[in-house]
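Reviewing the structure listed below.
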Amino acid sequence: MDYSIVGKQILKFRKEKGLTQKELGEAIGVSSSAVSQWESGGTPDISLLPALSDVFGVTVDALFGRTEVRRENIEEIIGKHILSLPENKRLEWLIPLIRRVVLMGCTDAISDVVNFDSRDSEMTHIVKDGFVTAISSQGQTFLSATWCEENIFTDSLSFDKNVTQLFSVLATSSALAMLSRLYSEAPRHRTIGVLAKLVGISQSEAEKILQKFTELKLTEELELETENGSEKVYAVNLNGVVVSLLISARLVTRKLSEIKIISDKREHRKECD
């Protein structure tokens, strides 16, 4: 590869931006003489290329004279970027991205993706072939996007016997308290007696609830052999969907104010004119 092309491109883009060699050097932290050397056939350190591309508003490829637009696999790019992040930072980076992409799909152009006011807020936005629901309360935000080709609400809101059974079980006395406690405690196997004590109910009540939870895969049941014979122990199945269900149920039963989506459509209208 002819690396002298980089210097020629720097000269070209610098003049297009109306920058002096000194101004360009100050913008990226080098001397004006370094810029002069590049433009005379030298090559900048590779670590400076991203800074140069930012100043000029071009891609790094453009600094090498490559103007062909290539189709990139966005899933592959995002996947590689996620894997390059520390594990404890991946969700922190990914969730705002998903939130923005989903909401941008609901409007033509968005200047400020979502503007929640200081009060609890809720919004359901109907879009083509689906709907988006957002809830914000006390710092907790939920965003749900549902798409289907036809029968939008019929398909999405259809319930089988397992769903009916879930709500029936949660309506049982102390069942909701048991499930909430299971998710708030560190996950470990406990005996029926221990779990009954945590919730403050009788052992027979706890046993009935845990049997129903196990049928619905909310808990797992193991049988341990002890010196006093076999004994059943239970642990919660770690399922983030259930956590969202429990918190959302609390939020939707409260009166929530309207959420606002702020959309800037001026650019879109300009394209249509």
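The structure displayed is predicted, hence computed values, not measured ones. Below, all heavy atoms of this structure are taken into account, side chains as well, without hydrogens, waters or symmetry copies.
- Panel note: side chain T172, backbone A175; no donor-acceptor pair is recorded below 3.5 Å.
- In this structure the side chain of E215 reaches within 4.5 angstrom of the side chain of Q165, judged on heavy atoms.
- Counting heavy atoms from C-beta on, the side chains of L179 and V169 never come closer than 4.5 Å.
- Here the side chains of W38 and T43 are not in contact, with every heavy-atom distance at 4.5 Å or above.
- Transitive grouping of hydrophobic side chains (ILVMFWY, heavy atoms separated by less than 4.5 Å) keeps L11 and V58 in distinct clusters.
- Using a 4.5 Å cut-off between side-chain heavy atoms of Ile, Leu, Val, Met, Phe, Trp and Tyr, with links allowed through other members, I46 and L48 fall into the same hydrophobic cluster.
- Side-chain contact check for L52 versus F13: every heavy-atom pair is 4.5 Å or farther apart.
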Run the side chain to side chain contact (heavy atoms under 4.5 Å, CB included) test on I201 and M178 for me, step by step, so that the C-alpha distance in whole Å, both residues' side-chain angles and the decisive distance to 0.1 Å come before the verdict. CA-CA 9 Å; I201 58 178; M178 171 74 79; 4.1 Å; yes
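- Of the N and O atoms on the side chains of D45 and S47, at least one donor lies less than 3.5 Å from an acceptor on the other residue.
- Rounded to the nearest 0.5 Å, atoms CG (L222) and NZ (K232) are 11.5 Å apart.
- One hydrophobic cluster, built from ILVMFWY side chains closer than 4.5 Å, cannot hold both L216 and V233; they sit in different ones.
- Summarising the geometry, atom CD belonging to Q21 is positioned 10.0 Å from atom OG belonging to S31; distances are rounded to the nearest 0.5 Å.
- Between E23 atom CD and S32 atom OG the span is 11.0 Å, to the nearest 0.5 Å.
- Taken together through direct or relayed side-chain contacts under 4.5 Å among Ile, Leu, Val, Met, Phe, Trp and Tyr, L210 and L238 form part of one hydrophobic cluster.
- Closest of all the heavy-atom pairs between A206 and I192 is CB-CG2, 4.0 Å.
- Atom CD of E223 is surrounded by more than 12 heavy atoms from other residues, nucleotides or ligands within 6.0 Å.
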Walk me through it: do E205 and S202 pass the test side chain to side chain donor-acceptor pair (under 3.5 Å)? CA-CA 5 Å; E205 286 180 288; S202 68; 3.1 Å; yes
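- Going from atom NZ of K217 over to atom OG1 of T214 covers 9.0 Å, rounded to the nearest 0.5 Å.
- Here the straight-line distance linking atom CD1 of I10 with atom NZ of K15 works out to 13.5 Å at 0.5 Å rounding.
- Using a 4.5 Å heavy-atom cutoff, the side chains of V60 and S53 are in contact.
- Between E231 and T191 the shortest side-chain heavy-atom distance falls below 4.5 Å.
- A distance of 8.0 Å separates NZ in K212 from NZ in K208, rounded to the nearest 0.5 Å.
- For the pair S230 and E225, the tightest heavy-atom approach, listed with the atom from each and the gap, is CB-OE2, 3.7 Å.
- Checked by atom type and distance alone, the side chain of S174 never pairs as donor or acceptor with a backbone atom of A177 at under 3.5 Å.
- When each of L182, T219, L218 is checked for a side-chain contact (heavy atoms from CB on, under 4.5 Å) with Y234, only T219 meets the rule.
- Contact annotation: the side chain of L166 never approaches that of V163 to less than 4.5 Å [non-hydrogen atoms, C-beta and beyond].
- Of the possible donor and acceptor atoms, one in the side chain of R181 sits under 3.5 Å from a partner among the backbone N and O of L198.
- Under the side-chain hydrogen bond (donor to acceptor under 3.5 Å, both in side chains) criterion, R14 pairs with E39, not counting sequence neighbours.
- Of the listed residues (V6, L63, I28), just one forms a side-chain contact (heavy atoms from CB on, under 4.5 Å) with P44, and that residue is V6.
- Nearest heavy atoms, Q9 versus G65: NE2-CA, 3.7 Å.
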